[in-house]
Amino acid sequence: MTLMRMSKLFSKTLREVPADAETEGHRLLVRSGMITPIAAGVYAYMPLGLRVLHSIQSIIREEMDREGPDGRAGQELLMPSLVPIEFYERSGRDQTMAEILFRLTDHHDREFALGPTHEEVFVEVFKRNVQSYRDLPLMLYQIATKFRDEPRPRGGLIRLRQFTMKDLYSFDVDEAGLDVSYQMMFDAYVRVFERCGVPVIPALADSGAMGGNDTHEFLYLTEIGEDHCLLCPKCGYAANAEVATFVKESAYADEEAKPLEEIDTPGLTTIEALAEHLGVPKSKTCKAVFYTVTYGDEGGGTREDAVLVAIRGDMDVNESKLKNALGAIEVQYMDEAAVTRAGFVAGSASAVGLEKMKVVADDLVVQERNLVAGANKPDKHLLNVNHDRDWKADIVADIALAADGMSCSNCQTPMDERRGIEMGQVFKLGVKYSEAFEAFFLDAEGQQRPAVMGSYGIGIERLLAAIVEENRDEAGIIWPRQLAPYDVHLVGLQVEKPEVREAAESLVGELESAGLSVLYDDREESPGVKFNDADLLGMPLRVTVSPRNLDKGSVELRLRAGDENELVARDAAVAEIKARLASD
RNA sequence: CGGGGUGUAGCUCAGUCAGGCUAGAGCGCACGGUUCGGGACCGUGAGGUCGGCGGUUCGAAUCCGCCCACCCCGACCA
C-alpha cells in the first residue's frame, strides 16, 4: 500500500496521553496511535507503527544478507516459539533462565517453553543438516517473537515480555573463523544502527546467562537507560559497568604493619560514620558484605552457600564480577536482617577470625596495610588489619564496581559514567551449545569437532523506541526518511470543496506514480487538527493543498524537521517534493 | 519478591476523607447548523457491571475483608 487515506486509517491520534506513558518517546508512540498497550510489557502494533517495524526489519535483513569477504552471509529462516523444555534442560538454561522462562504444558503433560532466545533450537537444526567442514561457515538468522517473563517490564517498549528479535547464530570450524563472523556482525550492527538514525557505542559487556567469552553491547546513550556504562573520553574505552575495569591505586601498601588493636565504636555501623569518627578516609577501611550464592550442580539442581566479600571501604561490590569470580548462577545481597539471622554482626563484620566461611576479596584490599575493619562483635572494630596476617581470602579477584571519575585502565584518564539502553549484543559463544547438543562436524582430517558458535541479537521494538526517543520534538515524531510510515503527508484543507479534493487526489496519483508513498489527510477537519496530527505523526514532508494555495496555482511544502513553509507551483510539485525528500 | 500508588464513560480526571435522591466534567463519538491556515463554535444525543467477589448498613463509587489488574521505586534482567 503506497496510499493511506486518513479517513480510513484504523488508528487515531489521541489528544490526551494515557496516564501510564513513561518516556517522551513512549508517549508519542501511544499518542500517535502507532502502538497500543495490552498488558504489562505487551503491546499491539497499529498500522503506522507496524510499517516502521517492517522498515526496521528490512534494513536489518539487508545487513544480515550482505556478503562478507569470503562470501559468507546470513540466511534467514524461522524457528518455532513453542520449544520443548528438553532443549533448555540440555543447555542448563531451564535453571539459569528459570525466572524469565514462560512455561506451558500440553494435553499430554508435555512441557514447553515459549522461546526466550534460540541458541538451543538453532544448534539442533544445525546438527541435523551439517556434518562436514565443507558446509561451514554458516550464519543463520530469524526475525521472530521472543517471550521473557521479565520480573518487571518497564519503559514502554524498552523492556517487554513479548518482543521481536533478530537473532543470528554463526557456526565456524574454529576460533579464527568465529573471529571473522563476529567482526562481520559487529560491522553489520554498526551499519544497522547508523541507518536507523540511532547513535550507539559498542561497549564491553558481561556474557551472563548466555555463556561464552567476548561480547559487546551496542548502547544507545540516554538518561532513561537502565544500563550503566563507563566511557573513556581519551582512548575510547567503553564498557558496561558490570565488567568495566579501572585503575586501582593502592594507598597504604607501603606502610609497616602495625599491631592489631580493638577499639570501641558504639553505634557506628556504616563506613561513613566509622571513617568520620576515626578521622580517616573511607579508603582506609575494609568493608564486609555478605552474599547468598547459588551454584548449579551437575544434576541440574542448585545449591546455596553464603560468602563474605571484602572490599575497600570507598568502593562498591560489582555483583556481576563477583558472580563470575565464584562461577555462580546467582548472588544475592544479604540485608542487615539476613546477616543477623545468619549469625553475623551486621555493621561490625569482617573476615578476621571468621572460620569456615568462604571469603572473596577484591584484589586491591588485600594489598593495603593497617585498615579498619569490623571486629565481629557489636560496637567494636579493629585497627591495623592486614591480609595474610589477620585474615585470608579464599578467592582474590577484581570485584569492584567502576564509577564515574575512576581512571581508565588503558590510559589512566578519568572515565565518565553514563546510562544507556542495550540495542543489541554480539557474543562469542564458543562450543558451549555445540558440545551440549553434540553438534559436531568432520574436519579435513576426518576428526570430529564441535562447531564454534557466535550469537547476535537486536531488539526490534527497543530499536523503534530509541528511534523515536532520538528523533522528536515537542510536537511529535520526526521520522528519518528511510523509516517513516509514509514519505509524504498530504494535507487537504477544506477537502469538501470539489476543487481542493480534485487537486489533492490528482497530486496523490502523481506522487504514487513517482514511487512515493502518501498519507493523505482527506478528513473534514479544521486546519489546526490536521497540522497538529501531521506534526505528531511525523512524516518527513508535509504537502498542503488548500483553496488559498490553489488560487496561486501552488501547493505548500514543509519539511517536518524544519520550520519553513514553501510555496511551489502545482505543476512542479512532484519534482520539488522528490528534491526535498532527497535532500532531507 | 519487598515498598509505594492507582483503578469511576473510548481518553484525561473530579466525586471516596465525612455513606443518602436519576454518578459528574472536559476531550472524543453521533446528528443538525455555523465555521475553516495551528487541536473552532452553537444545539441535541448516545455512552457507566464506579476493577472483581464477599461483608457491614434502611441505603455503598464512598466503610471493612479478600482477590485481580496497571504504574512507580528497589530486587531482578541476554
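In what follows, chains carry the letters A, B, and so on, assigned in the order in which the sequence lines appear, proteins first and then strands, with residues in each chain numbered from 1. Side-chain atoms are counted along with the backbone in the values below, which use heavy atoms only and exclude waters and symmetry mates.
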Taking the side chain of [X] as heavy atoms from C-beta outward, which of [options] is closest to it?
X        : options                : answer
A:Glu150 : B:rC27, B:rG37, B:rC77 : B:rC77
A:Ala40  : B:rA75, B:rC70, B:rA40 : B:rC70
A:Arg159 : B:rC77, B:rG37, B:rG38 : B:rC77
A:Glu99  : B:rG37, B:rC76, B:rG39 : B:rC76
A:Thr544 : B:rG37, B:rC77, B:rG39 : B:rG37
A:Lys323 : B:rC29, B:rC77, B:rG37 : B:rC77
A:Asn532 : B:rC70, B:rG37, B:rG39 : B:rG39

Margin query: When you compare the side chains of A:Ser546 and A:Gln494, does any donor N or O come within less than 3.5 Å of an acceptor on the partner?
Written below: no
Check: Looking at A:Glu566 and A:Arg558, does any basic side-chain N land under 4.0 Å from a carboxylate oxygen?
Finding: no
Is there a donor N/O on one and an acceptor N/O on the other, under 3.5 Å, for the side chain of [X] and the base of [N]?
X        : N      : answer
A:Arg15  : B:rG38 : no
A:Glu496 : B:rC36 : yes
A:Arg31  : B:rG39 : yes
A:Arg154 : B:rC71 : no
A:Ser546 : B:rG37 : yes
A:Glu16  : B:rG28 : no

Notebook entry, point to check: With a non-hydrogen cut-off below 4.0 angstrom, is A:Glu226 in contact with a base, only sugar-phosphate, or nothing?
Noted result: nothing
Check: Just checking A:Arg558: base, sugar-phosphate only, or nothing, at a heavy-atom cut-off of under 4.0 Å?
Finding: base
Item checked: 5'-most by nearest nucleotide on RNA chain B - A:Phe163 or A:Gly528 -> A:Gly528
Notebook entry, point to check: Which sits closer to the 5' end of RNA chain B, A:Gly41 or A:Arg548, going by the nucleotide each is nearest to?
Noted result: A:Arg548
Notebook entry, point to check: Can you name the salt bridge (charged side-chain N to carboxylate O under 4.0 Å, His left out) partners of A:Glu319, sequence neighbours left out?
Noted result: none
Next item on the list: Pick the C1' atom in B:rG48 and in B:rC13, then give their distance to the nearest Å.
Entry: 15 Å
Checklist line | P spacing across the pair B:rC29 / B:rA14, given as an integer number of angstrom | finding: 24 Å
Margin query: Could you tell me the Watson-Crick or G-U partner of B:rG38, where both distances fall under 3.5 Å? Say none if there is no partner.
Written below: none
Notebook entry, point to check: Given the side-chain rings of A:Phe218 and A:Phe186, with only the six-membered ring counted for Trp, is the space between their centroids under 6.0 Å?
Noted result: yes
Note to self: My understanding is that only residues two or more places apart in sequence, or in another chain, count here; which of them pass side chain to side chain contact (heavy atoms under 4.5 Å, CB included) with A:Pro199?
What the structure shows: A:Tyr220, A:Glu470
